[in-house]
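Just so we're on the same page: letters track the sequence lines, and every chain starts at 1. On a predicted model such as this, the values are computed, not experimentally measured, just so you know. Just the heavy atoms: all of them, side chains too, but no hydrogens, waters or symmetry mates, feed the values below.
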Amino acid sequence: DAMVIQNPRYQVTQFGKPVTLSCSQTLNHNVMYWYQQKSSQAPKLLFHYYDKDFNNEADTPDNFQSRRPNTSFCFLDIRSPGLGDAAMYLCATSGRQDPEVRHFGDGTRLSIL
Amino acid sequence: KQEVTQIPAALSVPEGENLVLNCSFTDSAIYNLQWFRQDPGKGLTSLLLIQSSQREQTSGRLNASLDKSSGRSTLYIAASQPGDSATYLCAVLGGGSEKLVFGKGTKLTVNP
């Protein structure tokens with residue numbers, strides 16, 4: 001089945017140690033999104049790629065970066081994680097045929113020690 | 001700036017009861033409104049999508065309505081089951097924007 005896959009499902013890192021979260025998709029969608037969701041909070045858009053064009057949200061901290069080496073993969077890099085970055089990170093995609101629909105992965109829960 | 005509010009934050013009902021979840025948004029210039037389900041520790045599953053020109057959408061025991069002018073939507077769940085226990089999130093896609101703005105969700109517990 002075509003889908004959005006996030007790896008790993010759970011990630012533990014140390015305070016200040018860089019970490020990378022991965023998202024891949026088999027839907028051939030042109031847009032990929034990264035959301036941060038803290039406990040009992042609404043998912044918050046960090047940034048998205050429209051094809052190769054990177055679109056950062058104004059309030060996304062500089063500590064968060066993203067890479068999209070090809071259509072299928074998108075990475076979220078946190079350069080120096082702080083305790084406040086512990087959250088669920090959700091990847092989503094949307095395609096040209098149905099651009100208003102978001103397809104979400106199962107998320108990566110990030111813990112900071 | 002679009003803001004989405006969901007009331008109540010949590011709801012507990014006995015099995016078999018019909019229930020309504022509420023969502024309100026501040027800017028009526030939207031493309032669509034979507035309802036998602038989120039199980040604990042999981043991602044989001046799309047339930048229903050209502051275009052701005054539509055009034056309601058139905059899928060099985062779920063019915064979502066949209067009143068764009070008043071900035072409100074409801075999700076009606078008929079004959080609730082324990083398997084319906086989850087957090088339900090409402091999100092709006094703004095006109096001319098790629099940004100999907102979410103509410104904090106309503107955590108539903110259906111007791112056997």
Side-chain angles (χ1 to χ4, degrees), chain A residues 1 3-11 21 23 25 27 29-51 53-60 86-96 98-111, chain B residues 1-11 21 23-26 29-54 57 59 64 66 86-109:
Chain A
D1 285 343
M3 55 178 56
V4 181
I5 302 166
Q6 291 190 243
N7 285 307
R9 291 294 317 282
Y10 303 92
Q11 176 74 56
L21 309 183
C23 177
Q25 53 124 345
L27 299 160
H29 282 170
N30 61 316
V31 190
M32 296 186 77
Y33 308 82
W34 279 104
Y35 289 84
Q36 179 193 63
Q37 186 183 25
K38 296 186 178 181
S39 182
S40 300
Q41 297 295 309
K44 176 179 174 296
L45 182 65
L46 295 173
F47 27 58
H48 73 277
Y49 273 95
Y50 192 100
D51 294 316
D53 294 333
F54 178 69
N55 297 272
N56 198 29
E57 291 299 303
D59 54 356
T60 298
M88 172 76 87
Y89 289 88
L90 298 165
C91 175
T93 70
S94 63
R96 289 187 174 87
D98 214 350
E100 298 171 0
V101 178
R102 303 288 187 268
H103 299 258
F104 281 84
D106 277 342
T108 294
R109 179 162 296 284
L110 178 66
S111 299
Chain B
K1 179 186 172 186
Q2 179 74 271
E3 292 183 1
V4 180
T5 303
Q6 292 187 248
I7 296 173
L11 180 64
L21 307 181
C23 172
S24 62
F25 48 96
T26 54
I30 63 170
Y31 273 140
N32 62 47
L33 182 144
Q34 303 176 50
W35 284 93
F36 293 87
R37 170 182 173 140
Q38 186 173 33
D39 291 294
K42 295 273 193 172
L44 306 180
T45 301
S46 180
L47 297 173
L48 289 164
L49 184 152
I50 311 176
Q51 300 290 355
S52 62
S53 58
Q54 296 176 322
Q57 282 285 338
S59 176
L66 174 63
T87 296
Y88 291 81
L89 292 117
C90 166
V92 295
L93 187 65
S97 169
E98 294 283 342
K99 195 168 181 175
L100 192 62
V101 180
F102 286 86
K104 292 182 179 181
T106 294
K107 184 176 181 180
L108 173 65
T109 302

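When each of B:L93, B:L44, B:L49 is tested with A:R102 by the rule side chain to side chain contact (heavy atoms under 4.5 Å, CB included), just one qualifies, namely B:L93.
Looking only at heavy-atom pairs under 4.5 Å with chain B, the residue among A:R109, A:M88, A:H103 that has the most is A:M88. Of the listed residues (A:A92, A:P43, A:G105, A:G107), the one with the most heavy-atom contacts under 4.5 Å to chain B is A:P43. Between chain A and the residues B:K107, B:K104, B:Q51, the most heavy-atom pairs under 4.5 angstrom are made by B:K104.
For a residue to count as touching a neighbouring chain, one of its non-hydrogen atoms must lie under 4.5 Å from one of that chain's; by this rule B:Q6 does not touch chain A. In this structure, chain B has a heavy atom under 4.5 Å from the side chain of A:E57, while its backbone stays farther away. At a 4.5 Å heavy-atom cutoff, the contact between B:L89 and chain A is made by side-chain atoms alone.
Residue B:K42 places its NZ atom among 12 or fewer non-hydrogen atoms of other residues, nucleotides or ligands, all under 6.0 Å distant.
Looking only at atom types and distance, the side chain of A:E100 has no donor-acceptor partner in the side chain of B:Q34 under 3.5 Å away.
Within the model, atoms CG of B:L100 and OH of A:Y35 stand 4.5 Å from one another, a figure rounded to the nearest 0.5 Å.
Among all heavy-atom pairs drawn from A:A42 and B:G103, the shortest one is CB-O, 3.2 Å.
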